[in-house]
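Residue numbers count from 1 along this sequence.
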Amino acid sequence: VASTPSGHLTDKLGAVRLLAFAMIAVAVTEAVAALSPFVWLFFAAMFAVGLAYGCITPPTNVIVRGAADGSNQGVVMSLKQTGVTLGGLIAGLTLPGLAHQLGWREALFAPVVGALVVAVLVVATRANLNHQIGPRSPHHELAERIAIRRAWRLGVGTFGFLMAGVQQGFMAYTTLFLTEAHGYRLGIAGVSFAVMMVGGTVGRIGWAVVSDRWFAANRWTGLLLTSLIAAVGLLGMAVLPTGPLLWPCFVLVGLTSIGWNGVFLALVANSVPPSHVGRLSGWSLRCVFSGVVVVPPILGLLADHWGWGAAWLFAATITLIAGAGMYLGARGGVIPRAA
């Protein structure tokens, strides 16, 4: 819900100011959830956490766009996005233990403290961050008017929607898939999840290096490759019997279905003038988060009624559709329009 409005707020209020506000809002709303005496208030507070979280990526994209030139922007953007996988890894290793030892309410205060620390860092370094972004034109809103080609929106939006849905479904169901379909013990299945997260972290950096080195001028090609390789790994998960060949499939899918994110955001950031990075980032995130909401339940429904093979075949198919969308549409870019 917050993705598109936060993109417009980034361009209007400034990236650094909105980022600091968003981190403070994350801390405050999660603290309300931790202290809530009522279930309805807990869920309302968690919804507010989501609203605040939705305001983080557009301003960070603007900051990265200003700080990195075209030769290394994919790497810097992907380094930023590894915070998602590394943060998930740290949270998975620490928060359940804290909740077991201290209680779930106390465990929720750990990310509260983390968000406040980030907010303080943003405020303390705001002068340097604003310097990296560069001065804002007094005619910021009218300086550049652009028209976004329909093919570009269709290609980029389809890719973000489908690949994000496959990513979330893969992360959500892999452990259950291994225990139900292959008889793995829960501990071994958990190790596979860790392998997947490590693969995703490595993939985000690796694909960024590949993109910056060989596809800086046409990042859509690198994104097309990620979808093709992800489809191969998902096909293997669908048809291979229990055995060691499954593990390379997990690595392939982790490297690609999680690793595309930073290159995708770099493509969006480089497709438009600086004055429109925030709003286009917000629009792309709306597509991404919509896929996260829609696709995983479909995978679960297929697994319940037709088995895991059908679910992973469906995932492989839509990754190919995502690649086709990127190939057909992402090169369209934007065209200038008279003010």
Side-chain angles (χ1 to χ4, degrees), residues 1-68 76-133 197 201 204 261-262 265 277-278 281-282 285 288-289 292:
V1 173
S3 296
T4 300
S6 69
H8 288 277
L9 286 173
T10 298
D11 291 334
K12 186 173 183 179
L13 301 179
V16 177
R17 185 181 302 173
L18 182 62
L19 180 59
F21 172 79
M23 296 309 301
I24 293 171
V26 167
V28 170
T29 51
E30 189 148 358
V32 171
L35 297 171
S36 172
F38 307 109
V39 172
W40 66 265
L41 181 58
F42 172 83
F43 281 108
M46 294 309 295
F47 180 79
V49 171
L51 292 177
Y53 176 77
C55 294
I56 292 172
T57 300
T60 55
N61 285 359
V62 170
I63 292 171
V64 169
R65 165 73 183 259
V76 178
M77 193 75 77
S78 293
L79 282 172
K80 174 177 79 75
Q81 291 304 116
T82 57
V84 178
T85 54
L86 291 176
L89 181 61
I90 293 170
L93 293 174
T94 59
L95 295 185
L98 285 175
H100 180 72
Q101 295 294 327
L102 304 176
W104 68 267
R105 293 182 185 273
E106 289 76 9
L108 277 182
F109 275 100
V112 168
V113 174
L116 288 176
V117 168
V118 174
V120 170
L121 289 173
V122 171
V123 172
T125 61
R126 64 187 183 278
N128 182 49
L129 293 175
N130 280 317
H131 175 72
Q132 289 176 331
I133 296 171
M197 296 303 290
T201 302
R204 290 195 171 185
N261 194 276
L265 292 177
V277 172
S281 295
L285 286 173
V288 166
F289 287 133
V292 167

Return the minimal non-hydrogen interatomic distance between Pro111 and Ala107, and the atom names on each side. CD-O, 3.3 Å

So Phe47 and Phe42, do their side chains get closer than 4.5 Å, heavy atoms only? no

Considering non-hydrogen atoms only, spot the tightest contact between Ala25 and Ala52 and give its length. CB-CB, 3.7 Å

Flag the pair Val32 / Val49 as yes when at least one side-chain heavy-atom distance between them is below 4.5 Å, and no otherwise. no

Give me the atom names and distance for the closest heavy-atom approach of Ala33 to Met46. CB-SD, 3.6 Å

To check you understand the geometry: which heavy-atom pair defines the closest contact between Ala45 and Thr29, and what is its length? CB-O, 3.5 Å

Within a strict 4.5 Å, meaning less than it, do heavy atoms of the Leu116 and Met23 side chains meet? no

Are the side chains of Pro58 and Leu285 in touch, meaning some heavy atoms are under 4.5 Å apart? yes

What distance separates Thr10 OG1 from Ile63 CD1, expressed to the nearest 0.5 Å? 9.0 Å

Minimum heavy-atom separation for Leu121 to Thr125, with atom names? O-OG1, 2.7 Å

Using a 6.0 Å cut-off, check whether atom CZ of Phe289 has over 12 heavy atoms from anything other than its own residue. yes

What's the separation between atom CG in Leu102 and atom CG in Leu108, rounded to the nearest 0.5 Å? 12.0 Å

Determine, stepwise, if the pair Leu98 / Glu106 fulfils side-chain contact (heavy atoms from CB on, under 4.5 Å). CA-CA 8 Å; Leu98 285 175; Glu106 289 76 9; over 6 Å; no

Does the Arg17 side chain pair with the main chain of Arg126, one donor and one acceptor, at a distance under 3.5 Å? no

Distance col, row Glu30:CD vs Tyr53:OH, nearest 0.5 angstrom, shows 12.5 Å

Heavy-atom closest contact (Leu51 atom, Ala2 atom, distance): O-CB, 3.3 Å

With side chains defined as the heavy atoms from C-beta onward, is the minimum distance between Leu35 and Phe109 less than 4.5 Å? yes

